[in-house]
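No experiment lies behind these values; they were computed from the predicted model shown. In each ligand, atom 1 is the first atom listed, and ligand 1 is the first ligand listed. These values consider heavy atoms only, across backbone and side chains, with no hydrogens, waters or symmetry-generated copies.
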Amino acid sequence: MKKAIELAPDSWLPGGKPDPLIHHQHGHVGKPMSRIDGPLKVKGAARFSAEFPLADMTYAAVAFSTIAKGRIAALDIKAASEAPGVVLVMTHLNAPPMKPTPLFMTNAKAAGGDNLAVMQDDRIHWNGQPIAVVLAETQEQADHAKSLIRVEYEAEPATTSLAAAKAQGTEPGQFMGEPLKLEIGDAEAQLAAAPHKISVTYRTPRQNHNAIEPHAATMAWNGEELRVHDASQGVAHTAWSLAKIFDIDEKQVNVTSPYVGGGFGSKCLWQHQVLGAASAKLAGRPVRIALSREGVFRVVGGRGLTEQHVAIGAQPDGRFTSIIHTGVTVMTRHNAFPEPFIIATRSGYAADTFKLDVEVAYIDMAANTFMRAPGEAVGTFGLECAIDELAEELGMDPIELRIRNEPEKDPTEGTPFSSRHIVEAYRAGAERFGWSQRTAPGTRREGEWLVGMGCATGTYPYYRMPGGAARITLTRDGRATVAVAAHEMGMGTATVNLSVAAERLGLPLYSVSIEYGDSTLPGVILAGGSQQTASIGASVIAAQRVLVTELLKLAGNDSPLAGLGADQVGGYDAGLAKLDEPERHESYASILSRAGRDEVVAEASAPAPLELQHWSMHSYSAIFCEVRVNAVTGETRVNRVLGSFDCGRILNPKTAASQFRGGIIMGLGLALMEETEFDERNGRIMNASLADYHVPVHLDVPPIEVIWTDIPDPHTPMGAHGIGEIGITGTGAAVANAVYNATGKRIRDLPVTLDKLM
Ligand code: MOS
């Protein structure tokens, strides 16, 4: 348990004072600004990774293994090599030497899904592993030649079912270096003694990433220097990892990624970038390696299945005496990513005792990775359905049961919450949604349709990873450029951070530009964990502080700012002003002209994320859902959804609403559709296409209303919490709880499909 410290210095701020930006009422922040990349995307002028033209390009096709474990006994590439347009066939027999891929998150910079060496021997580790790469003059020629490759395997017994994996024994899971195990008091004894209780098992299936843009990279070597146009949510991480693999200096790899067609955790380093770089080296020509949709299923990992046991004991007044959330997930031995489904349970509710545990069973499969609120998305399904079940047992309204167990401080860490207004979010959401209209289970019928309402709490941690840095270049014409190795994957990062930087600098939006998506820019910022904006924010604050110090020096004694320290001034009206006396102002243009300077450059690293040690920090939501279930066919349709969010200050209501809605739509898919069909006979994914792997389409998505508390958290940069992943959390449970309310049938096994309801 971490030690509670009452007064946290807000480390990114001068003297620990509240960020003045939080309280600006008339600036850019908080305005519904349209995405600055919108027009470029609509015009087709935004260039994605598979669209960079390079002279003398070759196109790659990847062949995948069809067994789960064993070795390649024979590989016939003759016909493929002689096929029209073929430049090269690369296999383990001719691939250049490469070091093993660093394992994801075991080092702050590492970015590989597994820790295997790529194409260095004849071993097969999963069904779908790349076994050959064909380079040809066109994509079609490469695809055709790939079909001519003949392989013989020596298969070995593989573990490809949960039952077999569990029979071999499980091991305690670890998530980013921390054990997924926690016990406070004797939860089992408290459960046994509890007058009211629920003890059930929930199951969630494997899921695969399906961003609209399949993974792709266009790359070329220039001597020992590697240039990669990637689709990436971690350009610096990928550059570092590729440098390790090819045993060159990190500075010799430049990864850029200005536009990404969705990442959701999947757009990091996988074998395709490594294979692209290796084959480009071997061929001495640039390579475009664009995975097919099937290729993404084979090469890129997703979410492991979970089997969650949830038990809650309660007093007659609803107070929890015991929370037990334990179970199993699966991963490969070459991976460090067990689906951490207990994370939300650590801080969700007050209880006298806790027992939390994620065990790992090992399967021969592709490496898991971050996927759309890893842990919380499926963990809140178990926890929040269990609370609905317990509310029924107690004869209590499920919202009242939650409010009754609202913790005063973090129930397992003991730290105070930095900002938690979930009760307000529930009250506002219930009112707006019309929660009071909810009837007893199975009692509301409209023709063939049974109608019901459900709700659930969503939660996602506030993170800020170390390594952020930014550079601000201010020129004499009063323009600023902010450079940061961050990413725009479609969520609005560039737009939001432009407005935040402009406000902080006291400049109009048109005077500021943002450079991002390039590994040579300052910082190591991952667009993951919903933490990118906080990380950029803390970095820009640090760089701006250096800039202000420099400008005050240049301003000298003839300025209205003379004698002021950096803590006393802020960006205001295209210059600097004393914070509490804005008439003491000098414009940037004036300061630079008098000093005879064309520009000032300031670069700084963000301070360590100490706020995380002092506070329990999370985004929250109350999700409300109304469904109808057809009494004849079992078909479920979602009538409407309302998300009531408490995520600190909302920086841009327009892009935020879009992120909330997008997350909720993913939650609808998780609840009703998404499931990777994994053949337990051979470990092969059977539905490796969007025809067979179902995600919500327009007709599946009802009107989604989103509202928020907009209460700034005084302990984060800009007062904001992450909003990228919160929408998906809680949504699965809200849908399942609504299905129960409609039908009286409790489905504890996702997705909730009609066969389970019939
Ligand atoms: Mo998110 S799953 O951390 O991209």
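One side chain, T493 or Q532, offers a donor N or O that lies under 3.5 Å from an acceptor on the other. Counting only N and O atoms by type, the side chains of Y693 and E677 include no donor and acceptor under 3.5 Å apart. A side-chain donor from one of D692 and S689 sits under 3.5 Å from a side-chain acceptor of the other.
Proximity of Q233 to ligand 1, defined as any heavy-atom pair under 4.0 Å, is confined to the side chain (atoms from C-beta onward). Residue-level proximity to ligand 1 for P374 is carried by the side chain, the only part with a heavy atom below 4.0 angstrom. For M371, every heavy-atom contact with ligand 1 shorter than 4.0 Å involves the backbone, none the side chain.
Protein heavy atom nearest atom 1 (Mo) of ligand 1, with residue, atom name and distance: E725 OE2, 3.0 Å. Among protein heavy atoms, the minimum distance from atom 3 (O) of ligand 1 is reached at G529 N, 2.6 Å.
In summary, the atoms of ligand 1 found under 4.0 Å from a heavy atom of F370, numbered by their order in the structure, are 2 (S), 3 (O). Interface atoms of ligand 1 facing F264, defined by a heavy-atom separation under 4.0 Å, are 2 (S), 4 (O). When each atom of ligand 1 is checked for a heavy atom of R372 under 4.0 Å away, the hits are 2 (S).
Expressed to the nearest 0.5 Å, how far CZ of F660 lies from CD1 of I665 amounts to 13.5 Å.
Nearest-residue assignment for atom 4 (O) of ligand 1 (options S266, S530, C268, G265; heavy-atom criterion): G265.
Sorted by first and then second residue, the side-chain hydrogen bond (donor to acceptor under 3.5 Å, both in side chains) pairs with a member in residues 364-375 read R372-E674; sequence neighbours excluded.
For T753, the side-chain contact (heavy atoms from CB on, under 4.5 Å) partners two or more places apart in sequence, or in a different chain, are P751, D755, K756.
Using a 4.5 Å heavy-atom cutoff, the side chains of Y516 and N497 are not in contact.
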